[in-house]
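Beneath this line is the structure, given in structure tokens, with notes to follow.
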Amino acid sequence: MARNKIALIGAGQIGGTLAHLAGLKELGDIILFDIVEGTPQGKALDIAESSPVDGFDAKLSGVNSYAGIEGADVVIVTAGVPRKPGMSRDDLLGTNLKVMEQVGAGIAKYAPNAFVICITNPLDAMVWALQKTSGLPANKVVGMAGVLDSSRFSHFLAEEFNVSIKDVSTFVLGGHGDTMVPLVRYSTVAGIPLPDLVKMGWTTKDRLDQIVQRTRDGGAEIVGLLKTGSAFYAPAASAIQMAEAYLKDQKRVLPCAAQLNGEYSVDNLYVGVPVVIGANGVERIVEIELDSGEQAMLDKSIESVRGLVEACQKLAPNLGA
Ligand code: A3D
């Protein structure tokens, strides 16, 4: 059986880390694409030169033309600009929307059967735009945010409780932004929901609220520390988990930005929800019951995503018409 082909559009901080992880996990042959000449070629060669040390078999190449991604099974998109300190994700909208138009056209022409994972911010609007510009079916175009947001939440909780990260399971809904909805009630340590852990005296409601807020601000915390860019190790690891679920038909239940068509009473909008990812892409959208407080938070998050999509439609009126 031929190896899978994984195309990475954008060979920056996340793109390079994606290529390294995909190699280490032997997910397939890897093509790095970027508009900057030399960057994808240099990163591909550098990672290929690490393969004898780590003992992985994968062909790596760098290209500046979309023809190089022909026949890709998975395409992961990080092309665009990241945040600098003081910028919100939404400040990136105009620039990155133009990038999504080019990327969508490239995918439509050369990789129309791929499973496409968008990482470019503002995520929920960019994945919406990428689905429109590529014309791929909605079950084959998803956004990475929830896996990262949940992973940050889990990390903070494992530290708070001094337990293994393996025993923490968390749940984050909604858009990737300040209005994301970390669902405390559905998050557990070894199956014990967080509100029960408060009752058991493991933590306090106030501490939990602080951890929820830190999760919401998780991206900004890293931007503030790095000063020259945004997070890339954890975002790359999160997208690789989604790619692996698709390539290996794992049927993983993962929080992803998926197109809703009636679920959660939302139409034609990408929102972070739990989905099943397998060989058919997004195979199922999981609708969970929300209490009134959770529903209100989700509604606020959906409104903010809708605002961003409307801003995209103003800049590119033919999108989503
Ligand atoms: P960076 O290291 O700047 O890489 C972006 C790459 O895109 C650069 O190599 C550029 O040359 C390239 N590029 C720019 N325009 C184009 C184009 N038209 N076609 C192809 N390539 C192009 O950024 P990064 O890797 O740190 O981040 C990439 C994106 O991911 C940014 O938009 C971030 O905001 C976003 N991001 C999202 C998350 C989520 O959780 C959703 C987390 C972290 C970063």
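Counting starts at 1 for both ligands and their atoms, following the listed order. Being a predicted model, the structure only gives us computed values, none of them experimental. We use all heavy atoms of the structure for the numbers below, so side chains are in, but hydrogens, waters and symmetry mates are not.
The distance from atom CD1 of Ile117 to atom CG of Leu8, rounded to the nearest 0.5 Å, is 10.0 Å. The distance from the CG atom of Asn121 to the CG atom of Asp91 is 11.0 Å, given to the nearest 0.5 Å. Atom CD1 of residue Ile288 and atom CG of residue Leu183 lie 5.0 Å apart, to the nearest 0.5 angstrom. Separation of atoms CZ (Arg216) and CD1 (Ile211) is listed at 13.0 Å; rounding is to 0.5 Å. With values rounded to the nearest 0.5 angstrom, Ser238 atom OG is found 8.0 Å from Arg152 atom CZ. In this structure, Met242 CE and Phe115 CZ are separated by 5.5 Å, a value rounded to the nearest 0.5 Å.
For ligand 1, the atoms lying closer than 4.0 Å to a non-hydrogen atom of Leu92 are 34 (O). Listed by number with element, the atoms of ligand 1 under 4.0 Å from a non-hydrogen atom of Ser230 are 44 (C). Counting atoms of ligand 1 from 1 in the listed order, those under 4.0 Å from a heavy atom of Val36 are 11 (O). Every atom of ligand 1 is numbered from 1 in the order shown, and the set under 4.0 Å from a heavy atom of Leu123 is 41 (C). Near Asn121, meaning under 4.0 Å from any of its heavy atoms, are these atoms of ligand 1: 32 (O), 33 (C), 34 (O), 35 (C), 36 (N), 37 (C), 38 (C), 41 (C). Near Phe33, meaning under 4.0 Å from any of its heavy atoms, are these atoms of ligand 1: 20 (C).
Among Val77, Ile222, Ile14, the residue whose heavy atom lies nearest to atom 25 (O) of ligand 1 is Ile14. Heavy-atom proximity to atom 18 (N) of ligand 1, evaluated over Met100, Met144, Met126, Gln102, is greatest for Gln102.
A side-chain donor-acceptor contact under 3.5 Å links Glu160 and Thr203. Neither side chain, Asn4 nor Lys248, offers a donor N or O lying under 3.5 Å from an acceptor on the other. A donor-acceptor contact closer than 3.5 angstrom is absent between the side chains of Ser187 and Thr170.
A salt bridge links Lys199 with Asp196: the closest approach of a Lys/Arg side-chain nitrogen to an acidic carboxylate oxygen falls below 4.0 angstrom. Ionic pairing of Glu303 and Lys300 is not present here: no N-O contact between side-chain nitrogen and carboxylate oxygen is shorter than 4.0 angstrom.
The nearest heavy-atom contact from the protein to atom 43 (C) of ligand 1 is Ala231 O, 3.4 Å. Shortest contact from atom 39 (C) of ligand 1 to any protein heavy atom: His176 NE2, 3.4 Å. For atom 37 (C) of ligand 1, the closest heavy atom belonging to the protein is Ile119 O, 2.9 Å. When only non-hydrogen protein atoms are considered, atom 3 (O) of ligand 1 lies nearest to Pro82 CD, 3.3 Å. Protein heavy atom nearest atom 2 (O) of ligand 1, with residue, atom name and distance: Gln13 N, 2.8 Å. Remark: minimum distance from atom 42 (C) of ligand 1 to any protein heavy atom is reached at Pro235 CG, 3.7 Å. Closest to atom 29 (C) of ligand 1, if we only count protein heavy atoms, is Thr78 O, 3.5 Å. Taking atom 16 (C) of ligand 1 as the reference point, the nearest protein heavy-atom neighbour is Ile35 CD1, 3.5 Å.
Listed by first and then second residue, the salt bridge (Lys or Arg N to Asp or Glu O under 4.0 Å) pairs that reach into residues 12-39 are Arg3-Asp29, Lys25-Glu244, sequence neighbours excluded.
The distance criterion of under 3.5 Å between nitrogen or oxygen atoms is met by Val81 with respect to ligand 1. On a distance-only criterion, Ala79 and ligand 1 share no N/O pair closer than 3.5 Å. At a 3.5 angstrom cut-off on N or O pairs, Gly80 counts as close to ligand 1. For a threshold of 3.5 Å applied to N or O pairs, the pair formed by Asp34 and ligand 1 contains at least one separation below that value. Ligand 1 has no N or O atom lying under 3.5 Å from any N or O atom of Thr120, backbone or side chain.
Checked against the 6.0 Å centroid threshold, Tyr270 and Trp128 do not count as a close aromatic pair.
Contacts between Asn96 and ligand 1 below 4.0 angstrom, taking non-hydrogen atoms only, involve the side chain exclusively.
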Set out, in order, the CA-CA distance, both residues' side-chain angles and the distance that settles salt bridge (charged side-chain N to carboxylate O under 4.0 Å, His left out) for Asp249 and Lys251, then state yes or no. CA-CA 6 Å; Asp249 193 21; Lys251 319 272 187 211; 3.0 Å; yes
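Ligand 1 does not have Thr39 within reach: every non-hydrogen atom of the residue lies 4.0 Å or more from it.
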